[in-house]
Visitor: 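Pasting a structure below so you can have a look.
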Amino acid sequence: MIGCFYILDFSYDVEEGKPVIYIWAIDKEGNRVAVLEKNFRPYFYAILDDSADTNKVAEDIKRLSVSQSPITSVKLEERKYYGNPVKVLRIETVIPAYVRTYRDKVAKVRGVKEVVEADIRFYMRYSIDNDLKPFNWFKAEVEEIQDSKLRVKKVYELKKIIQIYEDKPPELRIMAFDIEVYNKYGSPNPRRDPVIIIGVWTNNGGKQLVMKDDDLEIIREFAKFVLDYDPDIILGYNSNGFDWPYLLERVNSRGVKLDIGRKVNSEPSQGTYGHYSVVGRLNVDLLGFASSIAEVKVKSLDNIADYLGVVKKTERVNLEWYQIPEYWSDPSKRDILLKYNMDDVRSTYLLKDVFLPFGEQLTMITGLPLDQLSMASVGYRVEWLLMREAYKFNEIIPNRVEREYESYKGGLVISPAPGIHEGVYVLDFSSMYPSIMIKYNIGPDTLVKGECEDCWVAPEVGHKFRKSPDGFYKRILQKLVEERKAVKSKMPTEKDEYERRRLDERQRALKVMANAFYGYMGWLGARWYSKEGAEAVTAWGREIISSVAKLVEERGFKVIYGDTDSVFIKGSGNVDSLVNEIMNKFGLEIKIDKIYKKIFFTENKKRYAGITEDGKIDIVGFEAVRGDWCDLAKDLQRRVIEKILTSGVDEAVKLVRDVIMKIRRKEVPIQDLVIWKSLDKSLEEYEVDAPHVNAAKKAMKAGYVIFKGGKIGYVIVKGSGKISERAEPYFMVSDINRIDIDYYIDKQIVPSAMRILEQFGIKESTLKNTSFDILNFFKK
DNA sequence: ATCTTCCGGGG
DNA sequence: GTGTACGGAAGAT
């Protein structure tokens, strides 16, 4: 029969000594199905020495065959390696794990120069070779089979792929979840501390499972809920880092399995570090997408949801994690905790509208399934796209090579003019680096060392790149740019709003991918690494941005700051015509990215804060909100920035002095002075006695159990000796008189305020010397 | 300054 | 599962 299937994910198993690839999919009728490919076999290549006797090498390789997974074929092929034709032997076996065994042995055979493509995950190999990408449809000849182990409506065996195409996706079932655990004094231990609440959210709204006597009951209920609702996508926030491992250890330590996959008896299993895969479903950790939002420094769920306007902080219950036991144990407060959990899981669910349409497009471009894509760094995303393209170009995928870090000169940063400026325009070349890579045909395969007749020569560094034929990067980048152009031209005429949104996400994803190529090329882990290429890109970039700065000044504007591909300018001329002139002169897309009503710079590069016309404050580069500063200092820095932009320096100084006076008068709750740090090792493993390590040791001595991976909150108390010796767990200090006020003033409040105020000529002593305020007091 | 260790999100 | 993050900043030297 013929069927059409929308691909969700791939997995594989070895059954009766043979690999079976599972294509988890949805059919035209909306049934969840599995399409099984039983005939695909793992393989890899051996690149031969020019002088090698092909037949002899092939015979030698065949002789390595073992009966558990025999070498089934060794075939000569013509392929390309960095653009040059090479002879390779394609070596095929049966069981994927044996590729590893054979690759080491084959590498030692005489006449073999290098073994390649032996480190590509089996089901991805299948996906690349057949151009099957998740979130695409394929039409195929299939035969229905029975398999009671699979929790899907129908199971098919794949006979022949007829066509792969893009079409509207089916409605996906999406579920978000979030657990709360009991965590009195420090980090929760899954062998001891129960899961007290499990919140889930689907398009039917929220549901909460609350522990009564034994949390095993609610975890079982949760597993049953998953199987009943049968989600295609399971959303969490840091679920790979916390919820999954916690749930798993919680049940496994009591001999129970968390059986929630689309295959019977399949638990979520740890894949590449930190990623949990649920068979047949896409387990997506939205933190992976949130990490790319540079504007939000602390990527907590509430911060991200607030920033994206999904759930505002003012519209939700805000609790700190250490308040959980208190709100759980106190019957009058428990409802607030339940609401807190619902707000978290609702936020997670609603974030899907922001992240999934974009993730869907990235998956369609890279072919990386959404669950892996959410965790993969930008480099891996780019690389999957490159690997797919390489296959189409008959190019061999180079191996990963261990490389020594070599620094090279980056983008040009024009030193800021410190102080406050008004009416500042930010002009931004949004695609400068990919444009340079295309224009100058940059890449490892086009680099010419030595004499070159017809090459582009990079300024400053002198690297040469041949003008033709087009290199690997250039060809792919051009495809991305052209597709983006086509998508953008389709958008205005698209009537369907949903479809228009998809097109917009597509063009954005294409741009993001293209912009990531430069970073990829200079990433030490890149298969297609080219230090010379990356160095040349920044060199051409510096040339462009300094020419632009010169032109801007010639037109009567003042350049206040510039970084890599942007210039901050002010002046009374016509900015729009300036933008047009730059665009024509340099042949690059440039736009007015932002207009700041007020902005201030410190002497440091990459650090400024500004307020736009609509009153939005951007804080860039300041460590305003790091987790390891106490709340008092974090809050103060943010308020100092706001005051400077809205009222002026004097008001900001007054604010700091007020806070210092307050703490001197001990009018600050201890809670605001707690510094939180994570313990990433067990206590014995630490070689230095850092404050948080000491505090944790004291807590242990007092009978509290502190575990690796948890957070410890401490305060610094008065006394003699090193600071680290005076760190005490916050819950062991209830008397504010024990607090070392000077430490907080000198190491927390003043430094965080001075990061801003030193630019305005304020001295530390001005902030700290609050005694003469008594005079002011009497004046009033 | 340069090298090494720590950290993130979650509860 | 054909494998084992990563990039930046604080702390140490």
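None of these values were measured; they are calculated from a predicted model. So you know, we letter chains A, B, ... as the sequences are listed, proteins then strands, and number each from 1.
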Visitor: A:Tyr43 side chain N/O closer than 4.0 Å to the phosphate oxygens (OP1, OP2) of C:dT2?
Guide: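 For C:dT2, OP1/OP2 do not have a side-chain N/O of A:Tyr43 under 4.0 Å.
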Visitor: Please confirm whether the ring centroid of A:Phe177 lies under 6.0 Å from the ring centroid of A:Trp244.
Guide: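 Judged by ring-centre distance (under 6.0 Å), A:Phe177 and A:Trp244 do meet the cut-off.
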Visitor: Under 4.0 Å, heavy atoms only, any strand: does A:Tyr237 hit a base, just the sugar-phosphate, or nothing?
Guide: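 Sugar-phosphate: the residue A:Tyr237, judged by heavy atoms under 4.0 Å, touches backbone atoms but no base.
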Visitor: Select base, sugar-phosphate, or nothing to describe what A:Asp344 touches, counting heavy atoms under 4.0 Å on all strands.
Guide: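 It contacts sugar-phosphate atoms only.
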Visitor: A:Arg100 side chain: which of B:dG11, B:dG9, C:dT2 is closest?
Guide: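 Nearest to the side chain of A:Arg100 among the choices is C:dT2.
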Visitor: Nearest whole Å is fine: how far is C:dG3 P from A:Tyr123 OH?
Guide: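 Atom OH in A:Tyr123 sits about 12 Å away from atom P in C:dG3.
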Visitor: Determine the Euclidean distance between corresponding P atoms of C:dA9 and B:dG9; express it in Å to zero decimal places.
Guide: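 Looking at atom P only, B:dG9 and C:dA9 are 13 Å apart.
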Visitor: Can a salt bridge be assigned to the pair A:Arg316 and A:Asp302 using a cut-off of 4.0 Å between side-chain N and carboxylate O?
Guide: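 Salt bridge absent between A:Arg316 and A:Asp302.
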Visitor: Distance check needed: B:dG11 C1' versus A:Arg192 CZ, whole Å only.
Guide: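 Those two atoms, CZ and C1', are 12 Å apart.
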Visitor: Roughly how far apart, to the nearest Å, are B:dG8 and C:dG3 at atom P?
Guide: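 Straight-line distance between the two P atoms is 31 Å.
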Visitor: From B:dG11, C:dT2, B:dG9, pick the nucleotide closest to the side chain of A:Leu287?
Guide: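 Comparing B:dG11, C:dT2, B:dG9 against the side chain of A:Leu287, the answer is B:dG9.
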Visitor: Rounded to whole Å, how long is the line connecting atom CD of A:Glu249 with atom C1' of B:dG11?
Guide: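 Computing the A:Glu249:CD to B:dG11:C1' distance gives 14 Å.
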Visitor: Can you run down the salt bridge (Lys or Arg N to Asp or Glu O under 4.0 Å) pairs that involve residues 369-382 of chain A, sequence neighbours left out, and say none if there aren't any?
Guide: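 Residue pairs with at least one partner in residues 369-382 of chain A: there are none.
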Visitor: Kindly point out which of B:dG10, B:dG11, C:dC6 is positioned nearest to the side chain of A:Glu180?
Guide: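 Per side-chain heavy atoms of A:Glu180, the pick is B:dG11.
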Visitor: Without decimals, in angstroms, what is the distance between A:Arg125 CZ and C:dG3 P?
Guide: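 It is 14 Å, rounded to the nearest whole Å.
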Visitor: Who are the ring pair (Phe, Tyr, Trp, His ring centres under 6.0 Å) partners of A:Phe242, not counting sequence neighbours?
Guide: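 Here the qualifying residues are A:Tyr246.
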Visitor: With respect to the side chain of A:Ser377, which nucleotide from C:dT2, C:dC6, B:dG11 is positioned closest?
Guide: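 Closest nucleotide among those given: C:dC6.
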Visitor: Rounded to the nearest Å, what distance is computed from the OH atom of residue A:Tyr276 to the C1' atom of nucleotide C:dA5?
Guide: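 Answer to the nearest Å: 14 Å.
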Visitor: Mind calculating the distance between CG (A:Asn189) and P (B:dG10) to the nearest angstrom?
Guide: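 For the pair A:Asn189 CG and B:dG10 P, the rounded distance is 20 Å.
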Visitor: B:dG11 P sits how many Å from A:Asp285 CG, rounded?
Guide: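 Roughly 12 Å, once rounded to whole Å.
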Visitor: I'd like the P distance from C:dT2 over to C:dG7, given in whole Å.
Guide: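 The answer is 24 Å between these two P atoms.
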Visitor: To the nearest Å, give me how far apart CE (A:Met375) and C1' (C:dA5) are.
Guide: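 Answer to the nearest Å: 8 Å.
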Visitor: Verify the contact: side-chain N or O of A:Arg381 to OP1 or OP2 of C:dC6, cut-off strictly under 4.0 Å; return yes or no.
Guide: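 Checking C:dC6 against A:Arg381, no side-chain N or O comes under 4.0 Å of OP1 or OP2.
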Visitor: Which nucleotide, C:dT2, B:dG11, C:dC6, lies nearest any side-chain atom of A:Trp523?
Guide: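 When the side chain of A:Trp523 is considered, C:dC6 is the closest of C:dT2, B:dG11, C:dC6.
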Visitor: A:Tyr322 near the nucleic acid: base, sugar-phosphate alone, or nothing, with a heavy-atom cut-off under 4.0 Å?
Guide: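 Here A:Tyr322 touches no strand at all.
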Visitor: Reckon A:Ile120 touches a base, only the sugar-phosphate, or nothing at all at heavy-atom distances under 4.0 Å?
Guide: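 Since a base atom lies under 4.0 Å of A:Ile120, the category is base.
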Visitor: If the threshold is 4.0 Å, N to carboxylate O, is there a salt bridge linking A:Arg527 and A:Glu395?
Guide: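 Looking at A:Glu395 together with A:Arg527, the answer is no, because their closest N to O distance does not fall below 4.0 Å.
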Visitor: Among C:dC6, C:dG1, B:dG11, which nucleotide sits nearest the side chain of A:Pro188?
Guide: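 The answer is B:dG11, which lies nearest to the side chain.
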Visitor: Nearest to the A:Asn183 side chain among B:dG10, B:dG11, C:dT2, which nucleotide is it?
Guide: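 Nearest nucleotide to the side chain: B:dG11.
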Visitor: Could you give me the CA-CA distance, side-chain angles and deciding distance for A:Trp523 and A:Tyr380, then say whether ring-ring contact (aromatic ring centres under 6.0 Å, His included) is met?
Guide: CA-CA 10 Å; A:Trp523 172 44; A:Tyr380 285 111; 5.2 Å; yes
